[in-house]
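Labels below follow one simple rule: chain letters A, B, ... track the order of the sequence lines, proteins then strands, and each chain is numbered from 1.
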2 protein chains.
Amino acid sequence: METSETTAISDLWEMLQQGPRRTLAQAAVDEFGKRGFHATTTRHIAERIGMSPAALYIHYPSKADLLFTIAKIGHEAVLNESLAAVEGISDHHERVLSFVRTFTAWHAVNHLLARVIQYELHSLQPDHLKEIAAIRRRTADFAAEEFRHLVSDTSKLRMRTVACLSLSIDVARWYVPGKSPAPEELGAEYAQLVIAMLRS
Amino acid sequence: METSETTAISDLWEMLQQGPRRTLAQAAVDEFGKRGFHATTTRHIAERIGMSPAALYIHYPSKADLLFTIAKIGHEAVLNESLAAVEGISDHHERVLSFVRTFTAWHAVNHLLARVIQYELHSLQPDHLKEIAAIRRRTADFAAEEFRHLVSDTSKLRMRTVACLSLSIDVARWYVPGKSPAPEELGAEYAQLVIAMLRS
DNA sequence: GTCTATAATACGATAGAC
DNA sequence: GTCTATCGTATTATAGAC
């Protein structure tokens, strides 16, 4: 079928059926990412897609719940893409290279979404944060397990893992499409830097 | 004189005379850093120091101006400490080590202030942002000049500079006092990682 | 399901007493 | 210089027509 190639790789928004619920979430990502959650009003989101502010509350119980939905989709997407990146690769060195390439490129391509999921954790309600934190732990644990094979001094694994993930996550802060290097190029370069950090 | 030892190293808040203006700024750093600028109200800041919300407007023309004052102090502090860190050192390798140690430790010690100056740039007014951007350029230019001597491939200097600064800046996002490594320890470790990144 | 209109509240900032 | 009281506005969310 003609659409198989675009649906083979998991769509970021597959959790949401296409329709106003997805359109609203995508508009909210752009607004939250550019201006921050609290600086963004329901009017900003609604105006961007030509709807009234009230339309939001047909598809989401609250603005806070819209943020939670976005955070969940984003965190699950980056985790799933990271897991998929190492699938079928046996060499430890190559697995780390592929993971870091993918993880870094994801934060460049989806830098607005990445800003929301990385810098708006404090805007989540406590119960929402608890669920998101569980996904984040799975991602961090996966990375540590991959990095473990390249770090000789085990006592440094934890700090090195934090540092290597941190390097890629911060891409979301400074990345400017068009001005910054292409996501694949950046991913390849960062993969080399992470190898250097782990082996040092 | 007895106070010479504490005043020899430049005080972060030396730009502000001690008094309500400084107290307000310090309280605002804690609140902005923990909850974000737009999520923080003038009541939050005032309550923290036992004043009324109206007191803020005696010492600052607006909440936006309070943010600008904080941003200016923070950016000038991290720049000045970075410049001081390499003063009198001639060896390029040692200069980079000292700079990264200081720059990283600063973002750990002052992680709440660092969050404000790194993640609230979009909350600044255009004219304020312009002035802040000039200070940021000086810091980035200084770092690139220091790193230049350790990067053999000149075409990679720009991207490596972004990456190395990025690594230390992101400390502000995840650092938790007591739980995370001590600032000096983290700085020393990160200095080694930056060397590995630059030389790779 | 979407709109207009609006309720209820919270916010930044000011007025005026002390 | 600081307070209490409050103004004007903006915000989240709801009510009710279509």
Undergrad: Atom CG of A:L56 and atom C1' of D:dA15: how far apart are they, to the nearest Å?
TA: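 One finds 17 Å between C1' of D:dA15 and CG of A:L56, rounded.
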
Undergrad: Using the side-chain heavy atoms of B:A55, tell me which of these nucleotides is nearest: D:dT12, C:dC3, D:dC3.
TA: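 The answer is D:dC3, which lies nearest to the side chain.
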
Undergrad: Which listed nucleotide (D:dT14, C:dA13, D:dC3) is nearest to the side chain of B:K63?
TA: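 The closest nucleotide is C:dA13.
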
Undergrad: C:dG1 C1' sits how many Å from A:R21 CZ, rounded?
TA: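 Nearest whole value for this atom pair: 15 Å.
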
Undergrad: Compare the minimum distances between each of D:dA13, C:dT14, C:dC3 and the side chain of A:S62, then state the nucleotide with the smallest one.
TA: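 Of all the options, the side chain of A:S62 is nearest to D:dA13.
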
Undergrad: From the list D:dT2, D:dA13, D:dT11, which nucleotide is the closest neighbour of the side chain of B:M51?
TA: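 Comparing D:dT2, D:dA13, D:dT11 against the side chain of B:M51, the answer is D:dT2.
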
Undergrad: Over how many whole Å does the gap from A:L66 atom CG to D:dA13 atom P extend?
TA: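 Atom CG in A:L66 sits about 10 Å away from atom P in D:dA13.
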
Undergrad: Is it the case that the side chains of A:R48 and A:Q26 hold a donor-acceptor pair, with the cut-off being a distance below 3.5 Å and no angle test?
TA: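 Side chains of A:Q26 and A:R48: no pair found under 3.5 Å.
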
Undergrad: Could you state the atom-to-atom distance from OH of A:Y57 to C1' of C:dA8 in whole Å?
TA: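 In whole Å, C:dA8 C1' and A:Y57 OH are 13 Å from each other.
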
Undergrad: Which whole-number value in Å describes the distance from A:I58 CD1 to D:dA15 P?
TA: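 Distance check: A:I58 CD1 to D:dA15 P gives 13 Å.
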
Undergrad: Which is true for B:G19 with a 4.0 Å heavy-atom rule: it touches a base, it touches only sugar-phosphate, or it touches nothing?
TA: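 Result for B:G19 = nothing.
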
Undergrad: Expressed in angstrom and rounded to an integer, what is the separation of A:H59 atom NE2 from D:dA13 atom P?
TA: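 After rounding, the reported distance stands at 16 Å.
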
Undergrad: Side chain of A:A54: nearest nucleotide among C:dT4, C:dG12, D:dT12?
TA: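 The answer is C:dT4.
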
Undergrad: Whole angstroms only, please: what is the CD-C1' distance between B:E31 and C:dG12?
TA: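 Those two atoms, CD and C1', are 16 Å apart.
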
Undergrad: Output the rounded distance in Å from CZ (B:R35) to P (C:dA10).
TA: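 For the pair B:R35 CZ and C:dA10 P, the rounded distance is 13 Å.
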
Undergrad: Determine the contact category for A:P53: base if any of its heavy atoms lies under 4.0 Å from a base atom, sugar-phosphate if only primed atoms, P, OP1 or OP2 are that close, otherwise nothing.
TA: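 Since no nucleic acid heavy atom lies under 4.0 Å of A:P53, the category is nothing.
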
Undergrad: Heavy atoms only, 4.0 Å cut-off, all strands: where does A:T41 land among base, sugar-phosphate and nothing?
TA: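 The residue A:T41 makes sugar-phosphate contact but no base contact.
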
Undergrad: Quick check for you: among C:dC11, D:dT4, D:dT12, whose closest atom lies nearest to any side-chain atom of A:R43?
TA: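 Looking only at heavy atoms from C-beta outward on A:R43, the closest nucleotide is D:dT12.
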
